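Note sheet for the following structure.
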Amino acid sequence: MKKFSVLSLALASTLSLALAGCSSAAGPDEAATDESGEYPLTIMNCGKEVILAAPPERVVLLDSSPVTFLHLLDVMDRVVARAGTYPSEYYDADTQAEIDRIPLLTDKLDTSGHLQISQEVVMAQEPDLVLGTAEGMNRETLAASGIPLLEEPSFCPDPPSDADFADIGDQMETYARAFGMEERGIELAQELDDRVQEISLSVPEGEKRTAAVLYPTVGGGVTYAYGTGSMAHPQLEAAGFTNVFADEDQRVFEVSREELIGRDPDVLILLHSAGDPTEISSAITSLRGAQSITAVANDDVMVQLFNFTEPASPLSILGLEHIIERFEQ
């Protein structure tokens, strides 16, 4: 475990230092004004036009996914409120300090990891941009009140059918455009892509193992699996594994105990948003017949926080590193 932690911290430092190098030439004010973009700015998101009247100054976060993007763009000081969970395992000390400064509205999640917050609470913050969504949150109602909302593409009602690590750079450029930092976003996107290529070179050739990425429900209930529409798929491929659910083009779907046993993955990666990793693992390993799954029999089961896989973000790169380290032969 010591090697795992050091490796994760080293990669986090590498990303932070390398990407900070791209932004050191200009301060925050210069970065916001040295681009050629004009406002009002229209961004396509989830098939909808999102119009920003000016670079956002009052941002509300309803999800932890955008944090690493905003940190690299040096705009976390524009976040006035947050909701959801923000596990410290995701962040270096500087990013954690930025998060701790932001008032928390609620961290209440349902059993599937979906945020529970009312639209009225969000609107009371008078945001000029909302990042993320929640159960019952209505994009159209917010827009009618002049509040634009941007959602991670993989969480849209009709997400892209094939996820890829290039999506990380695309999303970085989207956030950069929103804040009037288009050129800076392109530079950061290239740094992230270079890092993925570097990690891929560390994967040994000839890997023959299969794998599955699941989201279990603790205490019994539905088990979810991830197909090619999820970042779980390119992550497994980059780690050298074959996804046993590669024939499913959905992002996430329910999977039965019988099908999971029948697919018999050699490796299991279990995602969760909060809670005890031991309970997450037990939700799968205690299923009737689970010991016949090769991954369970060989103790090749890894529990990983959700944003280390989904959605496409710099954390997905760290998650890839974690997977390679955990299952290297």
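Everything numeric here is computed off the predicted structure, so don't read it as measured data.
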So V121 and T106, side chain to side chain contact (heavy atoms under 4.5 Å, CB included) or not? Walk me through it. CA-CA 10 Å; V121 170; T106 180; over 6 Å; no

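- Looking only at side-chain heavy atoms (C-beta outward), T68 and Y90 stay at 4.5 Å or farther from each other.
- Ring pair F245/F253 is perpendicular by interplanar angle, where above 60° counts as perpendicular and below 30° as parallel.
- The cluster map of Ile, Leu, Val, Met, Phe, Trp and Tyr, joined by side-chain heavy atoms under 4.5 Å apart, puts V252 and V218 in different clusters.
- Under the 4.5 Å side-chain criterion, counting only non-hydrogen atoms from C-beta, L149 is not in contact with V50.
- The two residues T85 and S64 make their nearest non-hydrogen contact at O-CB, 3.5 Å.
- Placement of M137 and V130 within a single hydrophobic cluster is found when ILVMFWY residues are connected by side-chain heavy-atom separations under 4.5 Å, directly or transitively.
- Cluster membership for V296 and V213, using ILVMFWY side-chain heavy atoms within less than 4.5 angstrom, is not shared.
- Neither I280 nor Y224 shares a network with the other; the hydrophobic side chains, linked directly or stepwise wherever heavy atoms of I, L, V, M, F, W or Y lie under 4.5 Å apart, form separate groups for each.
- Contact check on E191 versus R195 returns no salt bridge, with no Lys/Arg side-chain nitrogen under 4.0 Å from an Asp/Glu carboxylate oxygen.
- At a threshold of 4.5 Å between non-hydrogen side-chain atoms, the residues M231 and F165 count as touching.
- When every heavy atom of E151 is checked against every heavy atom of C156, the shortest pair comes out as CG-N, 4.4 Å.
- You'll find the side chain of D110 reaches within 4.5 Å of the side chain of Q116, heavy atoms only.
- The shortest side-chain heavy-atom distance between I168 and P314 falls under the 4.5 Å cut-off.
- In plain terms, the two heavy atoms of T285 and Q291 that are nearest each other are O-NE2, 3.9 Å.
- Ring planes of H322 and F308: perpendicular class, angle over 60° (limits at 30 and 60°).
- The minimum heavy-atom distance between D100 and R82, with the atom names listed, is CA-NH2, 4.4 Å.
- Separating the CD1 atom in I293 from the CG atom in N298 is a distance of 11.5 Å, to the nearest 0.5 Å.
- Using a 3.5 Å distance cut-off with no hydrogens or angles, the side chains of S88 and Q96 do not pair a donor with an acceptor.
- Other residues, nucleotides and ligands contribute more than 12 heavy atoms inside 6.0 Å of the CZ atom of R101.
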Test log, rule side chain to side chain contact (heavy atoms under 4.5 Å, CB included), inputs L305 and H272: CA-CA 5 Å; L305 283 166; H272 70 118; 3.6 Å; yes

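- Closest approach of E126 to R58, counting heavy atoms only: O-NE, 3.2 Å.
- Between the side chains of S273 and Y215, at least one donor-acceptor pair of N or O atoms lies under 3.5 Å.
- Taking the side chain as every heavy atom from C-beta outward, R257 and I261 approach each other to under 4.5 Å.
- The side-chain heavy atoms of L62 and V122, taken from C-beta on, include a pair separated by under 4.5 Å.
- Taken from CG in L52 to CD1 in I43, the straight-line distance is 5.0 Å, to the nearest 0.5 Å.
- For the side-chain hydrogen bond (donor to acceptor under 3.5 Å, both in side chains) criterion with T210, the lone passing option out of T242, T294, D266 is D266.
- In the hydrophobic clustering of ILVMFWY residues, with side-chain heavy atoms under 4.5 Å counting as a link, L268 and L236 come out apart.
- The shortest side-chain heavy-atom distance between I99 and Y91 falls under the 4.5 Å cut-off.
- Between the side chains of S230 and E310, at least one donor-acceptor pair of N or O atoms lies under 3.5 Å.
- Looking at D247 and R263, a side-chain N of the basic residue comes within less than 4.0 Å of a carboxylate O on the acidic one, giving a salt bridge.
- Taking all atoms of both residues into account, the shortest heavy-atom contact from Q235 to L320 is NE2-N, 3.4 Å.
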